Amino acid sequence: VTPQAGAELTARVGRLAEWGYPAHLISAAAAAELEPALRLPATLAAAAWFPEEGYLLTEPMVAGLAERAARSGATVLTGEPGRVTGLDVAGGAVRAVRTAAGQLIEADAVVCCAGRWVPELAALAGSAPIPLVPWAPPGAEAPGLVVQAGPVAPGPDGRAGPVRIVHAPDVSLRPHLPGQVHLEAPGIHADLHTGEPALGDLASELLRRARRVTGGLDSAEVTGYRVCVRPMPADGQSIVGWLPGTGGLYVAVTHSGVTLGAHLAELMTRELTTGAPEVELGPYRPGRFPVAAS
């Protein structure tokens, strides 16, 4: 639910609908019925409704997938034992992975989907640079602040917390772990150099904004926050495929990985197991960047 107003919202919803994406303009009353927690301004005329959108709790999802992989025979290495320190190349192709624990893992192919660290890891095999939006310098756009707040409980007005994703003009929120909400905002900037007390102040500001949008947060406090780095390809499009000039090394880096991950995984698996290229991935190959193709 996106409670906004104006010609820009109408145009955006219309454009998505033209592309075949389920997007609808609904009345303020309909928005309040879908999400009773909303505190809508009296001047709001319409909201955007995306009926097929949802959210994932990424931490439980990743833990569950790792456990399932282990039950299927995979070895999952995390922490320092799983940190990659080298890629062994022989005959122009990656043949093994070296870890910080000194383990040498031989491989027919190496798939690198390590987010912002993909360029750094690919460079271990002598790959040409993989262009991502800069994330390390002060003022970089790739980092973003995420905040958790709670407890969520009905306030004096009887409104409980949100049960859907809500995008308001100055804050985005969704349910998190039980009794919590997850908060973000494009206008709140923090990078890897932002320290305290600035980070805490920004987190508190996000909670104040959320209280204006939804019920259930009157007694909530900030329970956690961190700066996350979004792995954003330089041209805004996913980078998926075999690296030119480096045999045996397949990369995948994108934003948003949660949204695209399941579908990309299916396409990648077919490519890796059959050897046949997936037409759908054609526009997103690493070789589209001149520096990567050199």
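The structure displayed is predicted, hence computed values, not measured ones.
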In terms of heavy-atom contacts, does CZ of Arg208 have more than 12 from other residues, nucleotides or ligands at under 6.0 Å? yes
Looking only at heavy atoms, the pair that brings Leu202 and Ala190 closest together is CD1-CB, 4.1 Å
Under a 3.5 Å threshold, yes or no: a donor from one side chain and an acceptor from the other, between Ser204 and Asp201? no
Atom OH of residue position Tyr284 - does it have more than 12 heavy atoms of other residues, nucleotides or ligands inside 6.0 Å? no
Side chains of Val240 and Leu267, heavy atoms from C-beta outward: is any pair under 4.5 Å? no
Hydrophobic cluster identity match, Val163 and Val152, side-chain contacts under 4.5 Å: no
Apply side chain to side chain contact (heavy atoms under 4.5 Å, CB included) to residues Gln237 and Arg288 and explain how you reach the verdict. CA-CA 11 Å; Gln237 304 297 319; Arg288 71 182 185 271; 3.7 Å; yes
Working to the nearest 0.5 Å, report the span between CD of Glu53 and CZ of Arg174. 13.0 Å
For Glu196, I'd like to know if atom CD has over 12 heavy atoms of other residues, nucleotides or ligands within 6.0 Å. yes
Hydrophobic cluster membership, with links at side-chain heavy-atom distances under 4.5 Å among I/L/V/M/F/W/Y: are Val258 and Ile165 in one? no
Working for side chain to side chain contact (heavy atoms under 4.5 Å, CB included), residues Leu243 and Ile130: CA-CA 9 Å; Leu243 278 181; Ile130 299 173; 4.0 Å; yes
Apply side chain to side chain contact (heavy atoms under 4.5 Å, CB included) to the pair Gln148 and Arg226, showing each step before the final yes or no. CA-CA 9 Å; Gln148 287 77 46; Arg226 65 186 184 275; 4.0 Å; yes
Hey, are Glu278 and Arg270 close enough for a salt bridge, meaning a charged N less than 4.0 Å from a carboxylate O? yes
Taking Ala220's backbone N and O only, do any of them form a donor-acceptor pair with Arg211's side chain (distance below 3.5 Å, no angle check)? yes
Just so I know, are the side chains of Thr254 and Ile239 near enough to count as touching, which here means a heavy-atom distance under 4.5 Å? no
To the nearest 0.5 Å, how far apart are OH in Tyr225 and CG in Leu145? 9.0 Å
Cluster check Leu183, Leu199: I/L/V/M/F/W/Y, side chain < 4.5 angstrom: yes
Same cluster or not: are Tyr250 and Leu260 linked, directly or through other Ile, Leu, Val, Met, Phe, Trp or Tyr residues, by side-chain heavy atoms under 4.5 angstrom apart? yes
Residues in ring-ring contact (aromatic ring centres under 6.0 Å, His included) with Trp135, at least two apart? none
Parallel, tilted or perpendicular: rings of Phe50 and Tyr21 (30°, 60°): tilted
When you look at CD of Glu59, are more than 12 heavy atoms from neighbouring residues, nucleotides or ligands closer to it than 6.0 Å? yes
Counting only heavy atoms not in Trp117, do more than 12 sit closer than 6.0 Å to its CH2 atom? no
So how far is it from Leu264 CG to Thr259 OG1, rounded to the nearest 0.5 Å? 10.5 Å
Side-chain heavy-atom pair Gln103, Pro81 within 4.5 angstrom cut-off: no
Kindly indicate whether the side chain of Leu87, heavy atoms from C-beta on, has any atom under 4.5 Å from the side chain of Val97. yes
Partner of Val166 under side-chain contact (heavy atoms from CB on, under 4.5 Å), chosen from Leu38, Val171, Val181: Leu38
Distance col, row Leu173:CG vs Leu207:CG, nearest 0.5 angstrom, shows 10.5 Å
What closest approach, in Å, do Leu121 and Ala114 show between heavy atoms, and which atom pair accounts for it? CD1-CB, 3.7 Å
Between Met61 and Tyr55, is there a shared hydrophobic cluster once you connect ILVMFWY residues whose side-chain heavy atoms come closer than 4.5 Å? no
Run the side-chain hydrogen bond (donor to acceptor under 3.5 Å, both in side chains) test on Glu184 and His182 for me, step by step, so that the C-alpha distance in whole Å, both residues' side-chain angles and the decisive distance to 0.1 Å come before the verdict. CA-CA 7 Å; Glu184 297 183 42; His182 176 101; 2.8 Å; yes
List the atom of Ala125, the atom of Val94, and the distance in Å for their closest heavy-atom pair. CB-CG2, 3.8 Å
Does Arg98 form a side chain to side chain contact (heavy atoms under 4.5 Å, CB included) with Leu124? I'd like the steps, not just the answer. CA-CA 10 Å; Arg98 293 184 179 274; Leu124 295 175; over 6 Å; no
Output the distance between atom CD1 (Ile188) and atom CG (Leu206), rounded to the nearest 0.5 Å. 5.0 Å
Residues in side-chain contact (heavy atoms from CB on, under 4.5 Å) with Asp218, at least two apart? Arg39, Pro156
Mark yes or no for whether Arg95, through its side chain, and Gly248, through its backbone, hold a donor-acceptor pair below 3.5 Å. no
Within-4.5 Å side-chain heavy-atom neighbours: Pro277 and Glu271: yes
Which heavy atom of Gly287 sits nearest a heavy atom of Pro244, and at what distance? CA-CG, 3.8 Å
Write down the atom of Val133, the atom of Pro233, and the distance for their closest heavy-atom approach. CG2-O, 3.8 Å
Looking at Gly139, is its backbone amide N or carbonyl O close enough to the side chain of Asp191 to form a donor-acceptor pair, meaning the two atoms are under 3.5 Å apart? yes
Could you check whether any side-chain N or O of Glu35 sits under 3.5 Å from a backbone N or O of Arg164, counting only pairs where one atom can act as donor and the other as acceptor? yes
In terms of heavy-atom contacts, Val253 and Pro231 come closest through CG2-CB, 3.8 Å
Check Glu18 with Arg15, please: is the shortest side-chain N to carboxylate O separation under 4.0 Å? no
Quick check against the 3.5 Å criterion: does Thr274 have a side-chain atom that pairs as donor or acceptor with the backbone of Ala276? yes
Donor-acceptor contact present, side-chain Arg159 to main-chain Gly216, <3.5 Å: no
I'd like to check Pro60 versus Leu177 (side-chain heavy atoms, cut-off strictly below 4.5 Å). Are they in contact? yes
Can you check whether Thr269's main-chain N or O pairs, donor with acceptor, with Thr273's side chain at less than 3.5 Å? yes
When rounded to the nearest 0.5 angstrom, what is the spacing between CE in Met232 and OG in Ser238? 12.0 Å
Flag the pair Val147 / Val222 as yes when at least one side-chain heavy-atom distance between them is below 4.5 Å, and no otherwise. yes
